[in-house]
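Naming convention: chains lettered A, B, ... in sequence-line order (proteins, then strands); numbering from 1 in each chain. Every heavy atom of this structure was used, including side-chain atoms; hydrogens, water molecules and symmetry mates were not.
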There are 2 protein chains.
Amino acid sequence: MRVGAVVLDRQSVVPLYYQIQQGLSEQIRSGELKPGALMPSEQEIAARLGVSRMTARQALKSLCSRGLAFSQRGRGTFVSRMKLEKNFRQLLSFSEEMKDRGSQPRSRVLAFRKIHPGEDVVEALHLNPAEEVILLRRVRMADSAPLCVEATHLPARLCPDLLENFEPSGSLYRALAEQYGLQVHMADEVAEASIATEAEAKLLRVREKSPVFRFMRTAYLHNGQPIEFVKSIYRGDRCRVVNRLTRQLENRQLSSSVLVQGGG
Amino acid sequence: MRVGAVVLDRQSVVPLYYQIQQGLSEQIRSGELKPGALMPSEQEIAARLGVSRMTARQALKSLCSRGLAFSQRGRGTFVSRMKLEKNFRQLLSFSEEMKDRGSQPRSRVLAFRKIHPGEDVVEALHLNPAEEVILLRRVRMADSAPLCVEATHLPARLCPDLLENFEPSGSLYRALAEQYGLQVHMADEVAEASIATEAEAKLLRVREKSPVFRFMRTAYLHNGQPIEFVKSIYRGDRCRVVNRLTRQLENRQLSSSVLVQGGG
DNA sequence: CCCGTCCGGTTGTATAGACGACTGGACATA
DNA sequence: TATGTCCAGTCGTCTATACAACCGGACGGG
């Protein structure tokens with residue numbers, strides 16, 4: 001029930017709802033608000049912090065959308081009982097992911113040059129037929145042991161002179177953001193279970209026919225334009241895919257009720 | 001720019017923002033609003049449909065959160081260029097998923113009984129040490145060919161008499177919802193790449209050591225209480241894992257600016 | 001031609017208030 | 001006891017308004 005711990009800075013550029021959300025979020029992390037506990041109501045937050053109810057509501061809703069809480073009409077908003085220490089749904093570059101896990105990322109560059117792409121790449125990146133792409137093929141290592149072989153394809157049009165500007169063992173996402181203002185926003189990923197070919201096994205330092213993941217990932221800018229297509233092979237013994245799935249019952253129910261009520 | 005096609009029913013129980021969202025959503029699906037196109041602004045929707053700007057805004061925001069659109073401050077809201085016919089992150093039961101794909105779901109029941117669970121199940125379902133679970137082990141088939149072997153564990157406490165009430169070749173999620181009021185809301189899933197054991201290969205009708213996915217999935221109710229723990233083995237040649245990842249730059253940037261501004 | 005200024009349009013944030021729907025408990029009634 | 005009614009608290013929806021931040025084009029000055 002205590003909102004007192006949250007202090008607002010009304011001069012800050014950080015929105016009020018965000019400050020409130022951060023404060024509550026911190027209270028959940030610290031255990032001050034325990035899983036299952038009733039959170040302060042919208043009115044209570046509004047009254048104690050001197051904001052309007054809609055602002056308080058926006059803070060609570062963003063906690064809900066992040067999965068930290070859930071609301072029940074007529075009852076209140078409660079802290080979720082789910083663990084969420086994982087980076088569900090977070091799109092991280094290899095470097096970022098290794099850093100989050102406390103491992104040392106390293107790369108061995110196998111290729112870094114301009115090529116004429118294959119059909120799958122053309123389709124994934126929405127390229128014109130004759131358009132060239134930059135290929136970066138690397139063996140990526142965590143703590144000195146190979147983790148995956150990764151082939152990245154970028155439309156040459158969007159990052160001219162990348163071959164000269166980019167040190168290919170570094171963080172590609174950072175270079176795209178800093179040098180070209182290209183911010184990756186989301187990605188679609190398809191994973192298959194497979195076994196390593198002889199060549200792959202050699203690069204990954206595993207036995208032939210060891211289990212591996214094959215990923216195909218297409219990354220997009222904020223406006224939906226494809227910016228990157230990656231094919232990668234991960235060692236099955238060093239990698240898991242973690243997902244969070246949601247069941248969107250609301251949509252299904254509501255849309256059917258719209259239909260029932262006469263098509264608009 | 002045309003909002004005229006959307007007609008609101010102010011007597012309906014369906015919220016206005018939802019009716020608007022459905023209308024716009026339909027215009028996107030039908031191609032009337034093309035990828036990359038500028039959507040009607042909040043003000044325009046508000047004026048044309050006679051609702052307040054906040055209501056129009058809520059409709060647009062929900063389109064954004066569903067990935068159908070994106071907003072740019074000072075410019076407008078645009079239709080996303082991303083394809084999204086896939087059920088990204090949608091938690092579907094096996095029966096629902098097969099139906100969506102136009103396949104005929106079938107099951108062969110291997111076991112359906114009460115057991116004392118192993119440690120992994122106890123931990124995943126947050127059980128008391130002596131608590132029993134209902135085990136349902138099935139070979140699941142699509143179009144008459146085996147797709148996976150699935151072992152579902154449910155806390156017996158939450159669905160008493162399920163052994164008597166449920167026809168184990170049917171849809172479990174429907175039974176849980178209709179008979180016990182238990183609605184699955186979300187699930188965490190871990191996938192590993194592996195190869196089939198001899199017994200698994202026999203059930204799946206593949207060669208031994210064929211590539212397979214191993215899934216471990218924990219499903220939760222709306223309040224975060226675990227309701228189901230599933231271990232399943234999918235044939236690698238008949239199954240892909242499709243994901244959508246998002247890059248939450250906003251949070252990272254904002255939270256760091258909060259820190260910079262003095263931890264208040 | 002280049003550059004800065006201004007301005008209209010757009011989204012982001014915030015306020016204040018209103019009503020409806022639902023929950024759970026207190027209370028009164030049969 | 002069992003049942004129904006009322007009520008305070010809460011979230012869901014909706015309105016009306018205001019200002020800030022930002023984008024892009026028009027315009028004008030150099």
Donor-acceptor pair, side chain of B:Glu131 and main chain of B:Asn128, under 3.5 angstrom: yes
N/O contacts under 3.5 Å, protein versus nucleotides 11-14 of chain C?
residue : atom : partner : partner atom : Å
C:dT11  : OP1  : B:Thr77 : N            : 3.4
C:dT11  : OP1  : B:Thr77 : OG1          : 3.2
C:dT11  : OP2  : B:Glu42 : N            : 3.0
C:dG12  : OP2  : B:Arg57 : NH1          : 2.8
C:dG12  : OP2  : B:Arg57 : NH2          : 3.1
C:dG12  : N7   : B:Arg53 : NH2          : 2.8
C:dG12  : O6   : B:Arg53 : NH1          : 3.0
C:dT13  : OP1  : A:Tyr17 : OH           : 3.3
C:dA14  : OP1  : A:Leu16 : N            : 2.3
C:dA14  : OP2  : A:Leu16 : N            : 3.2
C:dA14  : OP2  : A:Tyr17 : N            : 3.2

Derivation and outcome, side-chain contact (heavy atoms from CB on, under 4.5 Å), residues B:Tyr17 and B:Met54: CA-CA 9 Å; B:Tyr17 81 89; B:Met54 291 306 289; over 6 Å; no
Chain A footprint on DNA chain D, 5' to 3' - any atom under 4.0 Å from a heavy atom: D:dG9 to D:dC14
Partners meeting side chain to side chain contact (heavy atoms under 4.5 Å, CB included) with A:Glu228 (sequence neighbours left out): A:Thr152, A:Leu154, A:Leu172, A:Tyr173, A:Arg217, A:Ala219, A:Val230
Polar side-chain atom of B:Gln19 near backbone of B:Val14 as donor-acceptor pair, under 3.5 Å: yes
With A:Ser71 via side chain to side chain contact (heavy atoms under 4.5 Å, CB included) - residues at least two apart: A:Cys64, A:Thr77
A:Glu132: partners by salt bridge (charged side-chain N to carboxylate O under 4.0 Å, His left out), with sequence neighbours left out: none
Contacts of A:Arg174 that satisfy salt bridge (charged side-chain N to carboxylate O under 4.0 Å, His left out) - sequence neighbours left out: none
